[in-house]
Each structure stands twice: as structure tokens, then as C-alpha cells.
Amino acid sequence: MTYVDPVSHQVNLADGTIPTAHAVQVRRLADLRGLFADPQAEADALAENPLVYQVYDAADLPHVDGHLLYSTTVIQPGRVGDEFFMTKGHFHERSDRAELYYGLSGEGVLLLQTPEGRVETLPMVAGTAAYVPPHWGHRTVNTGRVPFVFLAAYPADAGYDYGTIARDGFAGLVLADGDGFRVVPNPRYRRAASP
Ligand code: PAN
Ligand code: ZN
């Protein structure tokens, strides 16, 4: 038997960074091109191409059944038109793989949808443990004025399907509404041909 060594990483609770992360993904607005609801607002904002979020992948572990991967995501505050900064959003490539999110700082929303386009919304603040069940697509949105940070843990063989949401959009939009937010149906959402 070959054993993988136990490992721990310190998460900086002030800003969500993991200084010993084995990889950091940086997503600027250009990486999310076409995902925001207002094309003109997106084109205008692309001139500055702001930082939208970073993902700190903690440990370098085998991407195979039985392991767990974990990471922090730090979403900057900001908007494109009325729509808050958000992650790309994905289904898992192995769609029956679940995930756990744990809010560390700031405030946001976990937006989930079934392949048929049923939307659920889970508000998140520091201390919120939110469950992404198998088969639900998921995206997180920063609805506050400071970075929204959460920890995610998920099966190492879950993988990513970004293509479905890039093609069809997300069925719900999270829009600024006074000091808060509202979730509205996405008029441009195109239902997948088959679930
Ligand atoms: C998270 C996400 C992370 C970034 O770790 O990957 O928040 O979001 P996108 O992957 O949609 O850009 C997760 O859900 N992993 O499965
Ligand atoms: Zn996921």
C-alpha cells in the first residue's frame, strides 16, 4: 500500500489567501466574457479588465476517487451593470459529485440550478456551511462591499463542466436592489436540449 501523507494548510482568515497554496487561479473580467447579462456593461467594464476572483488550491493531491480537494475562493466586490461580480459557475464533470462550501468572510449568494433550470439561492456569510448536492450547477456571487471568501471541499474526481453554463447561461441572475439583492429569471437562459 502506498500512502499519501496527511497535510494541512493555513488559511488567512482576514483575506482568504492560502500562502502555501500549490496553485492560484486568477480570473479577470476577460475570463468571464459573455457570462454577464448586460453585454454593453460588460464591454464597457472590459476596458479596465478588473480582477474578479482568485482560487487558492490548497494541496497537490491525486485527482482520483477517494481523495478530497479543498480551496478558498476570494471574490472581489463589484458589478457589471446591475449584476454583481461572480464566479464562472459550473456543473461537475462527474455530475453526481457533491461539494461543501463554508463562508469565511464577506457576504454573498450561492446560486444553484438543476440541469432542467430549477434555481435555488443560499445566502452566505462567515460561518455558513452550504451544501451543493449532486447534479446541481453552482455559482457564487459577491453581494457585499468587501471581498466574499469561502472554503470549498469536493471529491477529487469531480472535475469541471464549464461548457454548459457558457452555452446556456445560468437560469437565475443576482442583481443589485437598493442596499441588497434580488434574484430574477435570466431572460437569455436557454434550456439544455436534454437534462
Ligand atoms: C469551487 C470553484 C471556485 C471558482 O472551488 O471552482 O469557487 O468557481 P468556478 O470554478 O466556477 O470558476 C468549486 O465549486 N469547485 O468544484
Ligand atoms: Zn464545484
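Just follow the structure's listing: the first ligand is 1, and inside any ligand the first atom is 1. Side chains included, hydrogens not; waters and symmetry mates left out as well; all remaining heavy atoms used.
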Angular separation of H138 NE2 and H92 NE2 about the Zn ion (ligand 2), given to 10°: 100°

Q54 side chain reached by Q25 side chain, heavy atoms, under 4.5 Å: no

Check: H92/E99 side-chain N/O donor and acceptor closer than 3.5 Å: yes

For ligand 1, which atoms sit closer than 4.0 Å to a heavy atom of Y162? 9 (P), 10 (O), 11 (O), 12 (O)

Ligand-side contact atoms (ligand 1) for residue partner G89, heavy atom cut-off under 4.0 Å: 11 (O)

I need the nearest protein heavy-atom contact for atom 3 (C) of ligand 1: residue, atom name and distance, please. T73 OG1, 3.3 Å

How close does the nearest protein non-hydrogen atom get to atom 5 (O) of ligand 1, and which residue and atom is it? S71 OG, 3.4 Å

Have a look at F150 and tell me which of L104, L110, I75, T72 forms a side chain to side chain contact (heavy atoms under 4.5 Å, CB included) with it. I75

Ligand 1 atoms in contact with F150 (distance to a heavy atom under 4.0 Å): 7 (O)

Answer yes or no: is there an ion pair linking R145 with D179, defined by an N-O contact shorter than 4.0 Å? yes

Nearest protein heavy atom to atom 8 (O) of ligand 1, by residue and atom, and its distance? T87 CB, 3.5 Å

Identify, by atom number and element, the atoms of ligand 1 in contact range of Y53, meaning under 4.0 Å from any of its heavy atoms. 4 (C), 9 (P), 12 (O)

One finds that the ligand 1 atoms under 4.0 Å from a non-hydrogen atom of E99 are 1 (C), 5 (O), 13 (C), 14 (O), 15 (N), 16 (O)

Which atoms of ligand 1 sit under 4.0 Å from any heavy atom of H92? 16 (O)

Going by the atom numbers of ligand 1, which of them fall below 4.0 Å from some non-hydrogen atom of H138? 14 (O)

In the structure I gave you, are the side-chain heavy atoms of V74 and Y53 within less than 4.5 Å of one another anywhere? no

To which protein heavy atom is atom 2 (C) of ligand 1 closest, and what is the distance rounded to 0.1 Å? H90 CE1, 3.7 Å

Angular separation of NE2 (H90) and OE1 (E99) seen from the Zn ion (ligand 2), to 10°: 170°

Lys/Arg N to Asp/Glu carboxylate O, K88 vs D31, below 4.0 Å: no

Taking the side chain as every heavy atom from C-beta outward, state whether Y154 and R97 have any pair of such atoms under 4.5 Å apart. no

Below 4.0 Å from ligand 1: does a non-hydrogen atom of A158 turn up there or not? no

Enumerated ligand 1 atoms positioned under 4.0 Å from heavy atoms of Y101: 1 (C), 13 (C), 14 (O)

Do V174 and M86 come close enough that some side-chain heavy atom pair is under 4.5 Å? no

Quick one: pull up CG in L173 and CZ in F36 and give me the separation to the nearest 0.5 Å. 10.5 Å

Could you check if a side-chain atom of V132 sits within less than 4.5 angstrom of a side-chain atom of L112, using non-hydrogen atoms only? yes

